[in-house]
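A quick write-up on the structure given underneath.
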Amino acid sequence: MLDIVFFQLFPYMAVSVMLVESIRRYRQRRFSYSSLSSQFLEGDRLFLGSVPWHYGILWVLTGHFVAFLFPRKILWFNSVPARLYILESTALIGGLLTLIGLINLIVRRFGNPRIRAVTSPMDVVILLVLLIQVSLGVYIALTLRWGSNWFAIILAPYLQSLFLLKPNINLLVPLPLAVKLHIVGAFVFLAVLPFSRLVHILVVPWQYIWRPPQVVIWNRHPGQD
Ligand code: HEM
């Protein structure tokens with residue numbers, strides 16, 4: 001019964017909350033779509049947290065995404081042990097980088113009185129969700145080998161069944177608790193995302209890729225100062 005609630009119903013509830021709140025916030029408070037940078041309050045520790053966090057999480061989530069889209073290719077790639085070890089160890093390095101960056105960001109936020117003063121209850125919630133989620137991911141990678149293989153066999157088909165609106169949880173039922181918590185954690189993250197400062201992910205400035213690097217507009221008329 002709990003499996004049905006958490007893996008069959010909750011994912012759709014979480015995604016619905018995410019979509020409805022993202023659209024509502026964008027329409028009603030468009031200028032609140034921001035990471036609310038605190039760089040001007042403190043920069044050094046931010047660098048030590050933000051850089052490993054962003055590189056790590058981009059690497060890890062790209063890995064999740066590729067395994068979700070191309071599970072057969074992952075199994076083919078992993079069929080040579082050397083390639084499996086390379087894939088798993090680079091994923092783990094990404095996970096550790098993410099965790100170190102996140103811990104630095106948390107220490108900075110709560111250790112520095114100036115940053116603490118601009119910290120909202122939602123910042124605490126999102127940092128806690130991420131800390132649990134990333135720690136569980138690293139724990140799974142370290143203890144339940146080899147994650148990329150059984151992700152491709154069990155989790156990718158489950159996620160695809162959710163996506164096709166025909167959730168099939170049969171394969172999930174016997175999975176260890178840490179994996180189940182990691183899956184639920186992902187949907188909790190999606191549900192709280194639009195309420196937090198991480199909403200900036202949804203408006204990544206993609207136009208930076210194709211727009212000119214700098215737009216210069218001259219207001220001055222020659223000969224006048
Ligand atoms: C907010 C979303 C998520 C975050 C932040 C996250 C984070 C992480 C991190 C940091 C790791 C450790 C690095 C690694 O070895 O790959 C990891 C591993 C893993 N995650 Fe996630 N994850 C998320 C969603 C999911 C989802 C939706 C699933 C499956 C349904 C999943 C399944 C796994 C598995 C199986 C591993 C172990 C990979 C391995 O050992 O190679 N994760 N995750």
Side-chain angles (χ1 to χ4, degrees), residues 3 6-8 10-15 17-18 22 49 52-71 73-75 77-78 81 83-106 125-164 167-202:
D3 285 327
F6 282 116
F7 303 114
Q8 213 162 307
F10 181 61
Y12 293 112
M13 287 160 58
V15 172
V17 170
M18 188 195 102
S22 308
W53 160 258
H54 281 96
Y55 280 113
I57 196 74
L58 279 175
W59 179 241
V60 165
L61 290 185
T62 304
H64 281 52
F65 204 60
V66 170
F68 161 66
L69 287 179
F70 309 107
K73 290 268 185 298
I74 294 287
L75 291 175
F77 186 85
N78 285 350
R83 294 201 303 228
L84 167 74
Y85 299 145
I86 292 171
L87 181 76
E88 284 284 345
S89 41
T90 45
L92 184 60
I93 291 170
L96 291 172
L97 213 60
T98 313
L99 188 60
I100 292 168
L102 183 59
I103 291 173
N104 267 326
L105 289 174
I106 292 174
V125 171
I126 198 83
L127 284 172
L128 198 66
V129 170
L130 284 173
L131 184 63
I132 295 172
Q133 182 67 356
V134 171
S135 308
L136 278 169
V138 171
Y139 172 80
I140 293 168
L142 286 173
T143 59
L144 299 167
R145 287 179 190 150
W146 297 101
S148 53
N149 269 346
W150 53 261
F151 184 106
I153 296 166
I154 301 175
L155 297 180
Y158 161 67
L159 291 175
Q160 285 164 5
S161 76
L162 279 182
F163 203 71
L164 297 172
N168 179 0
I169 61 168
N170 291 343
L171 290 170
L172 291 194
V173 176
L175 285 180
L177 183 63
V179 181
K180 290 186 172 179
L181 290 175
H182 191 66
I183 299 172
V184 173
F187 290 107
V188 170
F189 170 75
L190 286 184
V192 291
L193 174 70
F195 298 94
S196 75
R197 66 173 67 212
L198 285 196
V199 72
H200 74 273
I201 302 171
L202 303 177

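First listed ligand is number 1; within each ligand, the first listed atom is number 1. Since we're looking at a predicted model, the values are computed, not measured. Hydrogens, waters and symmetry mates play no part in the numbers below; they use all other heavy atoms, side chains included.
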Practice prompt. State, to 0.1 Å, how close G95 and V134 come at their nearest heavy-atom pair, and which atoms those are.
Written response: O-CG1, 4.3 Å
Quick check on ligand 1: any N or O pairs to the protein under 3.5 Å? One line per pair.
unit_1: ligand 1; atom_1: 20 (N); unit_2: H64; atom_2: NE2; d: 2.8
unit_1: ligand 1; atom_1: 20 (N); unit_2: H182; atom_2: NE2; d: 2.9
unit_1: ligand 1; atom_1: 22 (N); unit_2: H64; atom_2: NE2; d: 3.0
unit_1: ligand 1; atom_1: 22 (N); unit_2: H182; atom_2: NE2; d: 2.8
unit_1: ligand 1; atom_1: 40 (O); unit_2: E88; atom_2: OE1; d: 3.3
unit_1: ligand 1; atom_1: 41 (O); unit_2: E88; atom_2: OE1; d: 2.8
unit_1: ligand 1; atom_1: 41 (O); unit_2: E88; atom_2: OE2; d: 3.2
unit_1: ligand 1; atom_1: 42 (N); unit_2: H64; atom_2: NE2; d: 2.8
unit_1: ligand 1; atom_1: 42 (N); unit_2: H182; atom_2: NE2; d: 2.7
unit_1: ligand 1; atom_1: 43 (N); unit_2: H64; atom_2: NE2; d: 3.0
unit_1: ligand 1; atom_1: 43 (N); unit_2: H182; atom_2: NE2; d: 3.0

Worksheet item: At their closest point, which heavy atom of G56 faces which heavy atom of T98, and how far apart are they?
Response: C-OG1, 3.1 Å
Discussion item. Less than 4.5 Å apart, side chain to side chain, heavy atoms only: is that true for F10 and V188?
Written reply: yes
Fill in: Identified side chain to side chain contact (heavy atoms under 4.5 Å, CB included) partner of L181 from the options V184, L177, V179
L177
Worksheet entry | Interatomic spacing from CH2 in W53 to CG in N104 - rounded to 0.5 Å | 12.5 Å
Discussion item. Ring-plane angle category for H182 and H64, please: parallel below 30°, perpendicular beyond 60°, tilted otherwise.
Written reply: tilted
